[in-house]
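Take a look at the structure below.
Numbering of ligands and ligand atoms starts at 1, following listing order.
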Amino acid sequence: MGSTGPLAAALEDFAPRQGQLIMAQAVAQALTEQTPLMVEAGTGTGKTLAYLTPVVASGLKTVVSTGTKTLQDQVAQKELPLLGRVVAPGLRWAVLKGRGNYLCPRRYLAFAAQPDLGLPGALSGLAALESWRRRSQSGDLDEVRGEAVGEALLAEITANAEQCLGGRCEHREDCPLMEARRRAAEADIVVVNHHLFLADLRLKAEGRGEALPRYQAVIFDEAHMLPEVATAIFGVGVSERRLSVLLKDMTREVGPDQRMDQAARAVEQEGREFFGALRALAGPSGHRGLGPDELARIAPLAGALGAALEELAQAVSRLEGEEAKSIAARAGAVAMDLQAAVAPAPGHTVAWIERRGRGVAINLSPVEVGPHLEHALYQEIGRLVFTSATMAAGDDLGPMIRRLGLPEETRRHIVGSPFDQARQSILYVPRRMPMPADSAFTSAVAEQVRAILRLSRGRAFVLFTSHRNMEAVSAMLTPELEYACLVQGQAPRLELLRRFVELSPSVLFATASFWQGVDVPGPALSAVIVDKLPFAPPDDPLVAARMALLESRGHNGFAHLMVPEAILGLKQGLGRLLRTPHDRGVLAVLDNRLLTKPYGRRFLKALAPAPLTSDLADVARFFAGRQAEPPSQN
Ligand code: SF4
């Protein structure tokens with residue numbers, strides 16, 4: 001990776017980067033010594049090549065797990081072909097996506113034979129799918145996903161883990177998922193996403209099969225997303241939708257049978273009772289924890305639904321065929337998950353309600369994911385690399401190490417961004433602002449945003465921690481701004497980003513999903529404005545349980561959990577600004593707790609080295625300096 005290496009010889013614009021070399025050496029050492037490694041690699045480090053190069057050189061069968069499909073595609077379409085060309089001819093790699101990306105021939109044929117005409121666009125969607133099947137090389141449904149083939153139809157023609165018959169399926173030889181798995185088995189490097197990786201881990205740990213081939217090393221990129229995905233994977237959930245899909249699949253694939261139909265009606269009846277009670281408890285937010293009294297109230301209803309499901313499982317298991325066996329097993333699994341969900345273990349798991357669209361669900365989530373990962377992964381394999389552009393709260397990787405339950409001896413590196421942040425950016429925090437809980441806060445935010453946009457001439461992301469504030473501020477400003485104004489929810493995420501660049505100078509008002517994984521290099525994005533520090537809501541059931549656990553261990557939950565996680569969130573949001581060495585712009589945080597509270601110093605330290613100001617005149621001078629620069633600098 002140095003100035004005389006094969007990459008420099010092959011790439012005209014390759015420049016050796018100190019941080020990239022340091023990271024590559026650390027990864028090589030971790031692979032040799034079989035010791036876990038965590039590396040925060042700032043934007044512009046070139047971290048993908050920094051881990052892939054030693055992986056390729058090691059010859060180890062390796063899984064690269066990413067947080068997003070975008071990065072998964074980038075690794076497979078850009079960096080791996082490059083390394084295969086210039087470093088390791090003959091290198092074999094494969095991409096394995098989630099089940100929702102592969103057409104399931106068994107379900108597709110069943111649906112095509114008996115289409116649900118109540119599903120909008122079913123017939124035209126089937127025609128589009130048939131023509132796509134004939135020409136697709138990759139078999140990846142992302143190629144056809146969209147207006148012609150909507151999500152509802154895709155759910156009918158793909159198979160989730162419960163719906164797949166696996167090795168017992170008579171269509172397995174023509175199955176794109178099975179074919180992708182065969183390719184993965186033969187590859188040196190398999191690129192997956194965290195969801196699939198962790199689902200495989202759970203399957204293996206529970207002895208219920210496997211979704212990935214065996215491997216010798218794992219690289220987690222975008223590793224800051226792992227705790228959230230692991231919380232979902234190592235929990236259980238029973239939703240109205242899971243129940244209705246089970247009954248729908250049963251009707252399509254099995255029977256008719258009198259005892260089965262009678263049992264199904266009982267399941268429907270008990271399901272209405274149980275989910276009706278959940279809905280009544282969901283409250284206005286539709287997202288809340290269940291206390292002991294509430295659990296005691298719904299437990300008998302869950303018991304009745306569980307018994308009805310067991311009866312259904314028995315009724316179906318008398319019938320012939322793999323489909324009947326699968327439906328019976330699914331009914332039994334829902335009954336078991338239901339039983340678990342209403343009996344959380346205090347300090348270990350939390351039961352909570354979630355409203356999803358018009359449906360409702362009960363979930364059971366682990367308070368800590370570390371013990372699950374330790375049991376299923378760390379005890380099995382030592383060659384583990386966790387990397388991301390944002391993992392450290394300040395210069396401390398400890399909170400993320402503990403969150404993932406990694407051993408204390410995990411090696412740690414923070415490789416700074418090669419960008420000149422002190423020159424390329426300025427951090428603006430107004431000195432006089434109402435507190436975020438104050439009713440005057442929203443209009444004060446609007447006033448500040450208006451002033452900053454005047455200086456940046458639009459070209460800004462305005463990021464909010466709540467939909468309510470986003471809607472209020474965008475409604476106040478959109479009518480008067482002379483720039484194209486885009487508001488999250490007006491169009492899908494990628495479409496909004498496309499318009500943001502195309503219509504530049506423009507302004508995007510958005511919430512959580514735009515705080516990370518969004519890349520707009522160049523002057524189209526010259527300001528990132530954040531309304532307030534992104535503290536997790538303390539009444540979120542999982543946050544509350546994790547705080548309580550920390551307190552029970554003698555730690556201050558706010559200092560050890562809320563602050564580090566909010567620092568990471570803020571770094572993610574503000575990290576949207578500088579994507580290349582030529583980008584420049586203002587980072588604005590309109591929450592002056594950054595200046596007035598003792599914990600504010602921890603945030604400011606993490607955001608250094610952007611120079612701090614509370615004076616808009618400095619921001620004006622910063623932009624004037626930009627305008628004075630020759631155009632080539634932009
Ligand atoms: S193996 Fe699973 S995904 Fe493939 S056709 Fe059969 S049921 Fe569908």
Side-chain angles (χ1 to χ4, degrees), residues 69 72 94-116 119 122 125-126 128-130 132-134 136-145 149-187 190-193 195-204 206-213 233 241-242 244-255 313 316-317 319-334:
K69 277 189 199 171
Q72 207 180 354
V95 177
L96 204 46
K97 295 195 172 174
R99 287 173 171 276
N101 279 73
Y102 301 100
L103 181 133
C104 163
R106 180 179 75 81
R107 287 174 53 78
Y108 172 72
L109 293 173
F111 186 81
Q114 225 182 331
D116 176 356
L119 198 146
L126 279 173
L129 276 168
E130 194 48 47
W132 166 79
R133 277 184 87 191
R134 279 197 293 271
S136 173
Q137 303 273 323
S138 72
D140 185 344
L141 282 167
D142 273 349
E143 291 175 355
V144 76
R145 190 185 301 271
V149 183
E151 293 302 323
L153 176 57
L154 287 170
E156 298 291 342
I157 54 99
T158 53
N160 63 29
E162 283 199 319
Q163 292 164 327
C164 179
L165 301 183
R168 294 172 288 127
C169 177
E170 60 184 34
H171 296 276
R172 63 185 179 280
E173 292 306 320
D174 317 315
C175 171
L177 172 68
M178 294 296 156
E179 175 54 29
R181 286 187 179 178
R182 283 189 281 273
R183 282 198 301 269
E186 288 160 11
V190 185
V191 188
V192 303
N193 61 38
H195 215 272
L196 180 58
F197 181 85
L198 293 172
D200 169 74
L201 210 56
R202 184 170 173 182
L203 281 177
K204 284 178 177 145
E206 294 175 356
R208 293 191 291 124
E210 55 186 36
L212 297 180
I233 294 289
R241 181 170 161 72
R242 185 174 172 197
S244 68
V245 169
L246 169 72
L247 295 176
K248 192 165 153 191
D249 288 349
M250 183 197 76
T251 310
R252 185 182 296 158
E253 297 172 13
V254 191
V316 180
S317 62
L319 305 175
E320 294 285 312
E322 291 301 334
E323 279 83 358
K325 276 192 204 140
S326 162
I327 295 288
R330 282 168 63 185
V334 178

*asked:* Can you report which non-hydrogen protein atom sits closest to atom 6 (Fe) of ligand 1, along with the distance?
replied: Cys169 SG, 2.3 Å

*To the nearest 0.5 Å, how far apart are OH in Tyr108 and CD in Glu130?*
3.5 Å

*Quick one: SG on Cys169 to CD on Glu323, what's the gap to the nearest 0.5 Å?*
7.5 Å

*asked:* For a distance under 2.8 Å, tell me if Cys104 has an N/O/S atom near atom 6 (Fe) of ligand 1.
replied: no

*May I ask you to identify the nearest protein heavy atom to atom 4 (Fe) of ligand 1, giving residue, atom name and distance to one decimal place in Å?*
Cys175 SG, 2.3 Å

*With a 4.0 Å cut-off, would you call Glu170 and Arg106 a salt bridge?*
no

*Tell me, please, if His171 has any N/O/S atom, main chain or side chain, under 2.8 Å from atom 4 (Fe) of ligand 1?*
no

*Mark up the atoms of ligand 1 that fall under 4.0 Å of a heavy atom belonging to Arg106, in ascending order.*
5 (S), 7 (S)

*For atom 5 (S) of ligand 1, what's the nearest protein heavy atom and its distance?*
Pro105 CD, 3.3 Å

*Check: Leu212 main-chain N/O paired with Lys204 side-chain donor or acceptor under 3.5 Å*: yes

_As an exercise, identify every atom of ligand 1 less than 4.0 angstrom from a heavy atom of Leu165._
2 (Fe), 7 (S)

*Is the closest basic N to carboxylate O distance between Arg252 and Asp116 below 4.0 Å?*
no

_With heavy-atom distances below 4.0 Å as the criterion, list the atoms of ligand 1 near Met178._
1 (S)

*Taking everything shown except Arg241 itself, do over 12 heavy atoms lie less than 6.0 Å from its CZ?*
no

*Examine all N, O or S atoms of Cys164, backbone included, and report whether one is under 2.8 Å from atom 2 (Fe) of ligand 1.*
yes

*Please round to the nearest 0.5 Å and tell me the distance separating atom CZ of Arg181 and atom CG of Asp200.*
8.0 Å

